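All figures in this text were calculated on a predicted structure; none of them were measured in a lab.
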Amino acid sequence: MRSIAAAILFSAAFLPAQQSSRIPELLADLAKVRTPSASILSPDGNYVAWVAPGTAGDQLHLSSSNGAGEDRVLSPGGNELKPACASKSPTWGPDSKTLAFLSNCSPDGKRQKQWELYLWTASDNRFQQLTTLKGALAKPAFSPDGHSVAFLFVENATRAAGATSAMKPPAGVIGEDGIEIQRIEKVDLADHNLQSGVTPANLHVYEFSWSADSQNIAFIGANPPGENNWWVAKLYTLSVKKAGDACDGQGCRAYYTPPSVIVDPQKASGPLHGLQIAVPRFSPDGQTIAFIGGLMSDEGSNGGDVYLVPSTGGDARNITEGRKSTPAWIDWADNTHLVVSEHQRGKAHLGILSTSGSDMPIYHLTLPESIGSGQSAMSVSVSIPSKKMAVIRQSLNMAPEVWAGEMKNLKQISHLNDTLKPLNGKAESIEWKNENFDVQGWLTLPANYDPGKRYPLIVSIHGGPSSEITSRYGGEPALFSALGYFVFQPNPRGSYGQGESFTQANRKDFGYGDLRDILAGLDTVEKRFPIDTDRVGVMGWSYGGFMTMFSITQTNRFKAAVAGAGISNWQSYYGENSIDQWMIPFFGSSVYDDPAVYARSSAINYIKNVKTPTLIIVGDSDGECPMPQSFEMWHALRDLGVTTQLIVYPGEGHHFADAGHNTDRLERTLRWFEEKMPAQN
């Protein structure tokens with residue numbers, strides 16, 4: 001298939017693109033947006049360590065949490081005014097006077113290929129390189145006693161861990177050769193001794209957290225390959241006290257007591273059975289572990305209910321059953337209360353939840369925005385003693401910035417985008433009812449909107465399906481709005497935001513109930529706003545790419561379509577992708593046991609219904625939604641005489657990494673709709 005992909009690519013993707021006169025200008029404006037990737041509050045609440053793009057890559061900043069004082073860049077090598085290298089992933093020591101982070105700086109301040117773990121101490125402004133490794137480091141975390149820093153590490157990594165990065169070209173014994181395993185490693189700060197292989201070589205670790213006494217770690221792990229088995233991962237605990245040394249002719253390595261399984265969702269009874277787990281957190285007294293459990297379609301896109309389990313093992317207890325929102329991130333406030341960040345009908349909600357499941361109404365905040373701190377999805381960085389937090393906030397009309405302070409008195413810390421003005425028009429939350437479901441979505445109006453005129457509309461369907469569209473700055477909605485389009489982003493059944501039953505409502509029903517929700521929402525928008533129904537298009541990526549492919553087989557309502565990284569044939573997809581474990585919770589069984597449920601949702605089986613001109617985009621190294629799925633759809637449309645084009649980007653996985661490819665993808669998407677359903681009559 002690679003030779004076919006290359007032929008398609010070089011015959012199409014690298015030809016000069018025909019451009020609207022405004023598209024280059026809009027893309028240039030969008031490129032000016034600087035988005036922070038981390039905002040971590042010091043334990044005493046006085047400082048925020050935050051990361052944002054700079055001239056030499058991501059830069060680590062230090063600011064006062066009260067919004068006043070100097071914004072300082074921390075960079076190894078002493079050249080803080082013009083750093084020649086990048087830093088990221090900060091984690092505070094418990095004394096609020098030390099900071100560990102990853103950097104690709106050498107000790108003399110020059111850029112190197114390898115990211116390493118560094119330590120900065122405030123008292124002497126000293127930077128110390130703690131590791132000299134060959135591989136990929138991620139997610140450093142200080143132990144609560146301040147004596148060590150643990151992190152995730154893939155030795156001799158050839159790619160970033162996870163299913164969304166570009167897969168390696170297949171070679172050797174498939175499924176056996178070249179498996180890369182992510183493990184926990186730890187550096188003791190007293191002697192800078194690296195304790196490697198804290199977790200076993202046969203477990204891939206996705207995330208972890210320390211116990212308050214610094215003696216144990218809770219982690220989510222599974223047998224390799226890691227990109228596939230997250231959907232059957234278990235909750236483990238592990239003592240970080242070295243059990244002894246194993247020596248051979250090459251030296252000695254520490255070994256540890258094997259980890260204990262605390263929760264195995266595949267064996268669990270009740271509503272957790274067969275679901276996914278994430279965000280493990282020890283209670284302050286070490287007696288309980290809280291975690292998120294739910295139907296999740298992507299590692300890192302967390303959502304579900306909050307469960308509590310004894311740290312020694314036992315039955316997990318759901319404390320949010322029936323909740324009409326979707327918790328995504330948690331941390332302990334004390335032994336009987338949790339800080340919770342959750343999806344709530346397209347908005348972000350922060351609150352305090354007791355271990356009995358009741359809310360503390362005094363401590364809550366609802367924001368019509370997207371939030372995060374860089375730690376995990378929808379996370380915030382909290383200092384319980386100071387009652388402060390740090391968070392990155394953004395919405396369709398508010399550029400991303402770091403904010404900090406008390407929950408209801410947040411102050412802007414960064415000023416990366418103060419001079420920017422939104423490209424798009426006003427954004428509104430839209431709600432409607434369909435088949436006993438309350439459904440929500442976001443509508444972005446055209447820039448310079450005139451209610452006396454009629455406008456085209458793009459329906460943009462999110463990936464997942466276990467995900468949610470929240471209000472975010474820039475991106476495709478802003479670009480289309482600037483060009484004179486409405487953009488409708490629905491959160492149909494299967495999405496987060498309205499509880500676990502809503503998320504699970506599209507199991508074994510892909511493309512049917514969720515599409516009916518979307519079309520009912522489109523009906524609502526068309527009744528309320530001046531939409532030209534002859535100029536309505538549809539687009540999406542990943543699950544949204546599948547929904548785009550499937551929707552044009554079910555209705556001719558859409559006049560143009562762009563399907564990114566989609567799935568056209570669930571039956572063939574099952575045997576092509578690198579993540580088949582994700583399908584069982586959604587389809588109920590494998591394709592070999594129940595092919596009919598897969599066939600029912602396959603666009604290719606209804607392909608003769610399609611009339612819609614369709615652009616198809618994919619990366620040639622996508623393991624989540626492999627390129628042959630896009631090729632199969634394109635091939636069928638071409639043979640049936642439907643206007644279509646396939647663009648395959650070399651070296652790209654499910655999430656594109658190359659900035660030039662992302663720009664080209666956006667440009668071609670905009671041009672496709674401009675040609676097929678222009679904003680101007």
With a 4.5 Å heavy-atom cut-off, do V149 and L117 have their side chains touching? yes
Salt bridge or not for E406 and K387, using N-O below 4.0 Å? no
Check step by step if side chain to side chain contact (heavy atoms under 4.5 Å, CB included) holds for Q276 and V232. CA-CA 7 Å; Q276 291 67 58; V232 292; over 6 Å; no
Return the CD1 to OG1 distance between I330 and T320, rounded to the nearest 0.5 Å. 9.5 Å
Tell me, please, which residues at least two apart from Q215 pass side chain to side chain contact (heavy atoms under 4.5 Å, CB included). D213
Check whether any side-chain heavy atom of H349 sits under 4.5 Å from a side-chain heavy atom of L365, and report yes or no. no
The reported gap from CD1 in I262 to CG in L238 (rounded to nearest 0.5 angstrom) is 10.5 Å
Test the K88-W115 pair against the cation-pi criterion, namely NZ or CZ under 6.0 angstrom from the six-membered ring centroid and within 45° of the ring axis. yes
Full working for side-chain hydrogen bond (donor to acceptor under 3.5 Å, both in side chains) between S370 and T470: CA-CA 6 Å; S370 297; T470 53; 2.5 Å; yes
Under the criterion side chain to side chain contact (heavy atoms under 4.5 Å, CB included), I'd like the reasoning laid out for V340 against W329: C-alpha separation, chi angles, the key distance, then a yes or no. CA-CA 6 Å; V340 179; W329 175 87; over 6 Å; no
With distance as the sole test, does S103 use its side chain to make a donor-acceptor pair with the main-chain N or O of C105 at under 3.5 Å? yes
Nearest non-hydrogen partners of V391 and S379, listed with the distance: CG2-O, 4.4 Å
Non-hydrogen atoms of S87 and P76 that approach each other most closely: OG-CD, 3.9 Å
Between N104 and Q114, a side-chain donor and acceptor under 3.5 Å: no
Determine whether a donor-acceptor pair (N or O, by modelled atom type, separation under 3.5 Å) exists between the side chain of N417 and the backbone of R34. yes
Out of F282, Y236, W210, F291, which one pairs with F219 under the ring-ring contact (aromatic ring centres under 6.0 Å, His included) rule? Y236
What is the minimum heavy-atom distance between A233 and Y206, and which atoms define it? CB-CE1, 4.1 Å
Do N156 and T158 have side-chain heavy atoms sitting under 4.5 Å apart? no
Determine whether a donor-acceptor pair (N or O, by modelled atom type, separation under 3.5 Å) exists between the side chain of R111 and the backbone of A56. yes
Could you walk me through whether S311 and Q287 pass side-chain hydrogen bond (donor to acceptor under 3.5 Å, both in side chains), step by step? CA-CA 5 Å; S311 58; Q287 299 300 305; 5.4 Å; no
Where the side chain of S301 meets the backbone of S467, is there a donor-acceptor pair that is under 3.5 Å apart? no
With sequence neighbours excluded, residues passing disulfide bond (SG atoms under 2.5 Å apart) with C625: none
Yes or no on side-chain hydrogen bond (donor to acceptor under 3.5 Å, both in side chains) for N125 and W120, after CA distance, side-chain angles and deciding distance? CA-CA 7 Å; N125 192 31; W120 173 76; 2.8 Å; yes
Side chains of N223 and N202, donor plus acceptor under 3.5 Å: no
Considering all heavy atoms of both residues, which atom of L235 and which atom of P280 are nearest to each other, and what is their separation? CD1-CB, 3.6 Å
Do the non-hydrogen side-chain atoms of S89 and K139 ever get within less than 4.5 Å of each other? no
Where the side chain of Q182 meets the backbone of L152, is there a donor-acceptor pair that is under 3.5 Å apart? no
Less than 4.5 Å apart, side chain to side chain, heavy atoms only: is that true for Q394 and E401? no
Verdict with reasoning, D188 to Q195, per side chain to side chain contact (heavy atoms under 4.5 Å, CB included): CA-CA 8 Å; D188 290 337; Q195 297 185 15; 2.4 Å; yes
Taking the side chain as C-beta and beyond, is there a heavy-atom pair between V240 and N216 under 4.5 Å? no
How far does OG1 of T199 sit from CD1 of I184, to the nearest 0.5 angstrom? 5.0 Å
On a heavy-atom basis, the closest approach of P327 and V306 is CB-CG2, 3.7 Å
Could you check whether Q129 and H192, counting side-chain N and O atoms only, form a donor-acceptor pair closer than 3.5 Å? no
Charged N-O contact under 4.0 Å between E180 and K168: yes
Steps toward side-chain hydrogen bond (donor to acceptor under 3.5 Å, both in side chains) verdict (N318, D305): CA-CA 7 Å; N318 185 351; D305 284 314; 3.2 Å; yes
Does any pair with a residue in residues 147-182 pass ring pair (Phe, Tyr, Trp, His ring centres under 6.0 Å), and if so which ones, sequence neighbours excluded? none
Examine distances only and state if a side-chain atom of T131 and a backbone atom of L133 form a donor-acceptor pair shorter than 3.5 Å. no
Less than 6.0 angstrom from the centroid, inside 45 degrees of the normal: does R281 satisfy that with respect to the ring of W332? no
Heavy-atom count around R126 CZ within 6.0 Å, excluding the residue itself: above 12? no
Measuring from atom OH of Y47 to atom OG of S65, what distance do you get when rounded to the nearest 0.5 angstrom? 9.0 Å
Is a side-chain donor or acceptor of E207 paired with a backbone partner of V279 at a separation under 3.5 angstrom? yes
Measuring only between side-chain heavy atoms, which start at C-beta, is K234 closer than 4.5 Å to V263? no
Whether N228 side chain and Q581 backbone form a donor-acceptor pair below 3.5 Å: yes
Does either side chain, that of S381 or that of S373, offer a donor lying less than 3.5 Å from an acceptor on the other one? no
How about N193 and D191: does a side-chain donor come under 3.5 Å of a side-chain acceptor? no
From the options S578, S621, S165, S542, select the one residue that forms a side chain to side chain donor-acceptor pair (under 3.5 Å) with H654. S542
Can the ring centres of Y118 and F127 be said to be less than 6.0 Å apart? no
When rounded to the nearest 0.5 angstrom, what distance separates OH in Y649 from NE2 in H661? 7.5 Å
Are I319 and L353 close enough, and set up right, to give a side chain to side chain contact (heavy atoms under 4.5 Å, CB included), and what steps lead you there? CA-CA 9 Å; I319 65 170; L353 185 69; 3.8 Å; yes
Could you tell me the separation between the NE2 atom of H204 and the CH2 atom of W230, rounded to the nearest 0.5 Å? 12.0 Å
Could you walk me through whether W541 and F656 pass the ring pair (Phe, Tyr, Trp, His ring centres under 6.0 Å) check? CA-CA 12 Å; W541 192 270; F656 282 18; 5.4 Å; yes
Ignoring hydrogens and geometry beyond distance, is a side-chain donor-acceptor pair present between S466 and T503 at under 3.5 Å? no
Determine whether S63 and D71 make a side-chain contact, defined as any pair of heavy atoms from C-beta on separated by less than 4.5 Å. yes
